[in-house]
Amino acid sequence: MSTLEAEYRLQYFEEEGFVRKECPDCGDFFWTRDTDRENCGEPPCAEYEFIGNPSLDEERSLEEMREAFLSFFEEHDHERIEPYPVAANRWRDDVLLTQASVYDFQPLVTSGATPPPANPLTISQPCIRMQDIDNVGKTGRHTMAFEMMAHHAFNAREELDDPDQYAYEGEVYWKDQTVEYCDEFFEAMGANPEEITYIEDPWVGGGNAGPAIEVIYRGVELATLVFMSMEQDPDGEYELKDGNTYSKMDTYIVDTGYGLERWTWVSQGTPTVYEAIYPEMISFLKGNAGIDHTDEQEELVTRAATLAGHMDIDEAEDAERARGTIAEQLGVDVTELRELLEPLEAIYAIADHCRTLAYMLGDEIVPSNVGTGYLARMVLRRTKRLCDTVGVDAPLDELVDMQAERLDYENRDTIRDMVRTELEKYRETLERGGRRVRQLAEEYAERDEDIPTEELIELYDSHGIQPDMVADIAHEKGTDVSVPDDFYSLVAGRHGEGDVVEDAGEGTDERVADLPETELLYYDDQTRMAFEAMVLDTFERDEGYDVVLDRTLFYPEGGGQPADTGTLSTEDTTVDVEDVHREGDVVVHHTDGDPGTGEFVRGQIDAGRRRQLMRNHTATHIVIHAARQVLGEHIRQAGAQKGTDRSRIDVRHYDRIDREQVREIERIANGIVTDNVSVGSEWPDRHDAEEEYGFDLYQGGIPPGERIRLIHVADDVQACGGTHVARTGDIGAIKILNTERVQDGVERLSFAAGPAAIEATEDTEDALAEAAATLDVTPEEVPETAARFFTEWKERGKRIEELESELAEARASGGVEGEEVTVGEASAVVQRIDSDIEELRATANALAEGGQVAVVASGADGAQFVVAVPDGVAIDAGEVVGELAGRVGGGGGGPADFAQGGGPQTEALDEALDDAPDVLRQVLNA
RNA sequence: GGGCUCGUAGAUCAGUGGUAGAUCGUCUCCUUCGCAAGGAGAAGGCCUCGGGUUCGAAUCCCGACGAGUCCA
C-alpha cells in the first residue's frame, strides 16, 4: 500500500532549495524556503500576521484583486473564462449550489466526456457555502458568498491505448508547473517567498482524490492546489485518510483555488475580512442603523477585532468563547464588549447575505419552498431578521440591489421584484404566525403553564415561526417558554432518518454496450418515416425482445420526448416496436417478436404519432419563449413532458400565472405559429454556443459531447436532441389548457398542439354548449344566467327555511295531527310527518318551545326520528331516539334536549311510533 | 423529492359524529347640530371539491384542488 509522500517530492521544490519539515504542533509535513522555520504556519500552530499589517505590495479592492489574478494567468497562457451560475443544479443534479470552481467542470469535463472551454484556463467563480451561514459576521473571516479564483489544467495520460476516448489529450502541465505559477503569483503580488509554506494535505472528495497542497502566508491559507488524479477503487494501491482505497485515473486535473476575499483582506490588513471587501456597504449600513461610535469605542472595536484575528476562530462558538479572553486583555467588561460588537456582526452578515442574494437571484433562482429556491428564501428571511434586530430600515430590495449593481447584473429590476414579493410573503407568514402564537400563549398563560417544547417544534416546523419570536410573545402574554439547546436537532429528529434510496439501476447489458454505436437517421430528414437497416443483435427479455440495428430512424425516449413506435419488417415477418431507448451510444428497440439477427429489416415509424410529437416538441420551445416574454427573463424550464395529445412544461416563476397572462402567452405563441418561420438546427462547438447564448441554452439539461445540437425557433435557441417540425406553421395551433402550481415557485403550463388543440377547444365549447342548452340561453349568456340561478337558488333555500319554520309553528300550535299522550307530569306528542330532516327538526323545536315533548318521525328517506324535550322535563332525548332507532335497524343520539336518529327499515316505523309512549315512560323512570 | 400543518361569514378564527358559532367589518334604527363613540337589531355560509364509512359528516377515512412551513 503506497502513501502519497513521494507525490510531493517535486523537482521544483528541489531546484528552489525548499526543505521538507514536520510541524511539531500538528504533525503535518510542509515545504519552505526558510530553513529556520519551525511550524507549518497555519492556525492554530501560528497566528495571523497581516492584521494591521497590509502584506502585499499594494492595497487592492475586490475588483482590483480579481483583475490582478486573472490577468496574471492570462499573461501566463491561460484563457480567461466567464464565471458559471451559482445555481450548480443547472448542469448537475448532485448539488444545488456552486461551491468551488471545479464544480463548473464536473462531471462531464473531469470525466473526459466533454472538452473544457479552454485548456488551461483561469476563472473567478462566485460560490455560495450555506454551511458557513452561522459563522458569517461573527468570526471576522467567514463569508457565505465568495469568489474562488482558479487556474485549471486538464490532462490525459499519453500512453493510453485509445487516446480518443477522452475529450482532451496529453499533458498541459502538472504539479511542478502549478506550484511554480503559485509561487510566481505570490511574488507578483509582492509577497515575501521566504514566508510561504506549502503544507502536504491529501484531498479526498466525491469519489475522487489526489495529493493537494495548502499554501499558507502570514498565518492564512491563501490557496489550495489540488491534483485530482485518483478514483475510488476497492483494489486500488493508495489508501487515503477516508479509509478507502484509490487508484490512478487516465485523466488528471489541476484544480486550484485562491480565495479572492482573503487575498483582498491580506492586501489591506483590515481587522475583519468584511471591511476589506464591502467598505461602502458597511459604512452605509452603519449610518442607516445609526451606529455612531465615539473614537474611543472605535478604537476598542479595532483592537478587539485585531485580537480576534490572532486567534484560531473557525466557528461562531469560538468567537463567542474568545470574547471573554479579548475583553480581559482589553480591560473591559465582556457584556459591554458584546453590546458594542453584536450590531457590527449583524451588519457584516447583512452585507454578505445581500451579496449571496444578489448572486442567487441574479442567476435567476426563484425563491420557493424547494431546492435552491428554498435556500434563497432562507437567506432572505434571515437577512430581514438581521436588519430588524440591528435597526437597518433601508428597504431590503435596495440593499440587494447595491450588491447586484456592483456585480454587474442586468436583471436588477427582476431581482428587486423578487425580493419585494418574497418579503411580502414573509410578512404574511409572520403575521399569521404571530396570531397563532398569541392565541397559544394566552391559552397556556390562562392555565398558568409554560409553552411546551413540542409546541415550539410544531410552530417552527409547520409554520416557520422562530423560537425566539415565540419567547417574545410568550413574555408579553405572561407565560414562559424555554428553548432547548438541541432545538434544531429535535426538529431534524421529526423528519426521521434521511433514507437514501439506492437506485435500482437496470444494470446495462454488457452485450449491448459492446455493440457499435447506432447511426442516428432521425436528424438527417425529420420528415422521413421509413428506413432500412441490419439487425446486429437481438436479446430475449422477460417480455418481448430488445433489437439493436446498425442504424435507426426510431427516436429513443429523451429530453421529455417519448419514443417512437412502429414496425420492423423482414420478408418473413413483421414485429411491433413498442419502446425505444438509448444505452450509451446504442439504440435499443423493444419489440414483441424476434426479427432475426443478421436480417435486413425495413423500419416503419408510426407517422401520425411522430408528427404529433414533433408538433408538441416545437410547441414546447415556443410556449417557453412566449412565457419568457410575458412573465420575465427569469423563466426557465423546470421539467417537461411531451405527449401526443397534450404536453406540459414546468417553469420557475415567483407568482401564479393569471388568466390575462395565459391569454397573452397563447397569443404570442400562436403569432409565432402563424408567422410560419422555419425551425433551424445546427451542431456548433459547445463552447462557442455557450459563449454566444449562455447557459439559458440548457433548459432541458446539459448534453455531453464536443458539439451540441441547437434548435432555433424564431428568436428562441435551445440545446435539444428532439425531433421538430420544419416550419412553425406545421404546428397548426397551440392551446394552453390550464396552469397549476406544482410547487411553490414552479408553475405548470399544460397545452395542446395541432389537431389536439382544436379538439381541446371543441371539448370546452361542447361543455359550454351543453350548459347553455340546459339553461336554455345562448353560450354568451351562460355566465350571467348561472350567476342569477345561483343567487335565486340561495334565496329559495332561505325561503324554504322560513316556510318550514312557519309550518312547524302552525303544526305545533294548531291542530295536532299526531297522538298526544301524558308522560309523568309532561305531555308528549308523537307524530309522523313524511318530510325531510330539516322539517322534522323545526317541528320538534316548535313543539318543545310550546312545552311539549316531541317525537316526530318521517318515512320519506328511510326511517328518521327527531326527539325534542322542553326545559324542566327529565327525559333524555338521546336515549329515546336510541331506543326507537334500534327498532328500525339503525341508531341515533344527541344531547339530552334534542336528539335525532334513524334506520333503514321504513316498514317498522309505525310500529316503533306505537311503542313511543312506552319508551318515553321507560326513559322517564330510568 | 420527502415530512408536517391548514382550507368554515367580507376579514380573523372557534366548533373532535347529533339544530353551523364568536369577534371585527357591512347595513338599518336609536342617540348627536355633525362626527367619533355608545345602544338596539339585521343581512351575510354549496363548512374548497369529489368519493367512502354512518341512521346522521364541517367533524372520521381516501382522493383531487388550493395555501403555508420545515428539510435534502
Side-chain angles (χ1 to χ4, degrees), chain A residues 89 93-97 130 368-375 377-378 381 425-426 428-436 438-440 443 454-455 457-466 487-501 638-639 656 738-744 746 748 789-791 793-798 801 804-805 808 836-846 848-849 854 857-859 861-868 877-878 881-882 884-906 908-909 912:
Chain A
N89 60 346
D93 52 16
D94 54 339
V95 291
L96 294 176
L97 295 169
M130 295 292 294
S368 79
N369 61 351
V370 286
T372 48
Y374 178 64
L375 301 179
R377 171 168 289 173
M378 238 173 68
R381 293 186 173 188
K425 283 190 184 176
Y426 188 41
E428 279 169 22
T429 295
L430 286 182
E431 203 179 280
R432 223 185 346 259
R435 277 196 301 264
R436 199 179 190 92
R438 261 188 292 281
Q439 201 179 348
L440 204 67
E443 269 175 40
E454 204 149 301
E455 293 277 13
I457 293 173
E458 165 79 15
L459 284 169
Y460 176 72
D461 198 23
S462 298
H463 305 285
I465 303 161
Q466 306 287 327
F487 178 75
Y488 290 95
S489 55
L490 287 175
V491 173
R494 238 172 97 121
H495 292 271
E497 298 305 310
D499 296 23
V500 180
V501 183
R656 295 305 306 264
N738 79 314
T739 65
E740 56 186 321
R741 193 198 76 141
V742 44
Q743 290 167 348
D744 193 16
V746 181
R748 173 167 297 172
F789 273 42
F790 186 63
T791 316
W793 171 77
K794 283 203 289 189
E795 279 166 3
R796 267 172 218 202
K798 272 173 237 157
E801 251 176 69
E804 272 175 345
S805 67
D836 66 16
I837 190 82
E838 296 296 328
E839 205 176 322
L840 290 189
R841 278 204 291 251
T843 308
N845 266 329
E849 270 165 37
S858 161
D861 181 19
Q864 288 181 306
F865 301 96
V866 174
V867 174
V881 166
L884 292 175
R887 293 170 194 229
V888 291
D897 62 336
F898 190 93
Q900 49 199 301
Q905 297 158 16
T906 317
L909 178 60

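Computed from a prediction, not measured in an experiment: that's the story for all the values here. So you know, we letter chains A, B, ... as the sequences are listed, proteins then strands, and number each from 1.
When the P atom is used for both B:A22 and B:G68, the distance is 30 Å, rounded to whole Å. The same atom, C1', is picked in B:C61 and in B:G2; the two are 23 Å apart, to the nearest Å. With P as the reference atom, B:G51 and B:G44 are 27 Å apart, rounded to whole Å. Comparing B:G10 with B:C46, their P atoms are spaced 7 Å from each other, to the whole Å. Using atom P as the reference point in both B:G56 and B:A37, the two lie 50 Å apart (nearest Å). For the C1' atoms, the distance linking B:U5 with B:A9 amounts to 23 Å, nearest Å. Across the C1' atoms, B:C49 and B:G45 are found 16 Å apart, a figure rounded to whole Å. With both ends at atom P, the span from B:U53 to B:U59 equals 15 Å, rounded to whole Å.
Summarising the geometry, atom CZ belonging to A:Phe865 is positioned 10.5 Å from atom CD1 belonging to A:Ile837; distances are rounded to the nearest 0.5 Å. Rounded to the nearest 0.5 Å, atoms CD (A:Glu455) and CG (A:Leu440) are 4.5 Å apart.
With contacts defined as side-chain heavy-atom distances shorter than 4.5 Å, the pair A:Thr429/A:Arg381 qualifies. Between A:Ile457 and A:Phe487 there is a side-chain heavy-atom pair separated by less than 4.5 Å.
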Would you please test A:Arg436 and A:Gln439 for side chain to side chain contact (heavy atoms under 4.5 Å, CB included) and show each step? CA-CA 5 Å; A:Arg436 199 179 190 92; A:Gln439 201 179 348; 5.7 Å; no

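Here the P atom of nucleotide B:C4 and the CZ atom of A:Arg436 are 16 Å apart, to the nearest Å. Rounding to whole angstrom units, NZ of residue A:Lys794 and P of B:C47 are separated by 10 Å. Here B:U54 presents its P atom at 18 Å from CD of A:Gln900, a figure rounded to the nearest Å. Across the protein-nucleic acid pair, A:Ile837 atom CD1 and B:U19 atom P stand 11 Å apart, rounded to whole Å. With rounding to whole Å, A:Gln864 atom CD is found 16 Å from B:U54 atom P. Between the P atom of B:C55 and the CG atom of A:Leu909 lies a distance of 16 Å, rounded to the nearest Å. Straight-line distance from the CG atom of A:Leu840 to the P atom of B:G56: 14 Å, rounded to whole Å. One interatomic measurement links the two molecules: CG of A:Asn845 to P of B:A20, which rounds to 10 Å at whole-angstrom precision.
Using a 4.0 Å heavy-atom criterion, one finds that A:Gly433 contacts no nucleic acid atom at all. Backbone-only engagement by A:Met378 is indicated by non-hydrogen atom pairs under 4.0 Å involving sugar-phosphate atoms exclusively. Note on A:Glu458: only backbone sugar-phosphate atoms sit closer than 4.0 angstrom, heavy atoms only; bases stay farther off. Using a 4.0 Å heavy-atom cutoff across all strands shown, A:Gly862 reaches no nucleic acid atom at all.
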The contact string for nucleotides 59-69 of chain B, one letter per nucleotide 5' to 3', using protein heavy atoms under 4.0 Å with B, S and - for base, sugar-phosphate only and none, comes out as ------SSSBB

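Here the shortest heavy-atom pairing between A:Ala885 and A:Gly892 reads CB-N, 4.1 Å. The shortest heavy-atom contact between A:Leu96 and A:Leu375 is CD1-CD1, 3.9 Å. A:Ala908 and A:Arg887 make their closest contact through CB-O, 3.6 Å (heavy atoms, listed as atom of the first residue, atom of the second, distance). Here the shortest heavy-atom pairing between A:Asn845 and A:Phe898 reads OD1-CE1, 3.5 Å. Smallest separation of non-hydrogen atoms from A:Pro895 and A:Ala877: O-CB, 3.9 Å.
Considering only side-chain atoms of A:Lys798, the nucleotide from B:C46, B:G44, B:C55 that sits closest is B:G44. Listed nucleotides B:G45, B:A14, B:C55 differ in distance to A:Gln439; the shortest reach to its side chain belongs to B:A14.
In terms of position along RNA chain B, the nucleotide closest to A:Gly891 lies nearer the 5' end than the nucleotide closest to the other residue of the pair A:Gly891 and A:Gly371. Along RNA chain B, the nucleotide nearest A:Arg435 and the nucleotide nearest A:Gly894 are compared for position; the residue whose nucleotide lies closer to the 5' end is A:Arg435.
A stem is defined here as three or more consecutive Watson-Crick or G-U pairs, each with both distances under 3.5 Å; for RNA chain B these stems are B:1-7 with B:65-71, B:10-13 with B:21-24, B:26-30 with B:38-42, B:48-52 with B:60-64.
A salt bridge between A:Glu838 and A:Arg841 is present, with a side-chain N of the basic residue lying under 4.0 Å from a carboxylate O of the acidic one.
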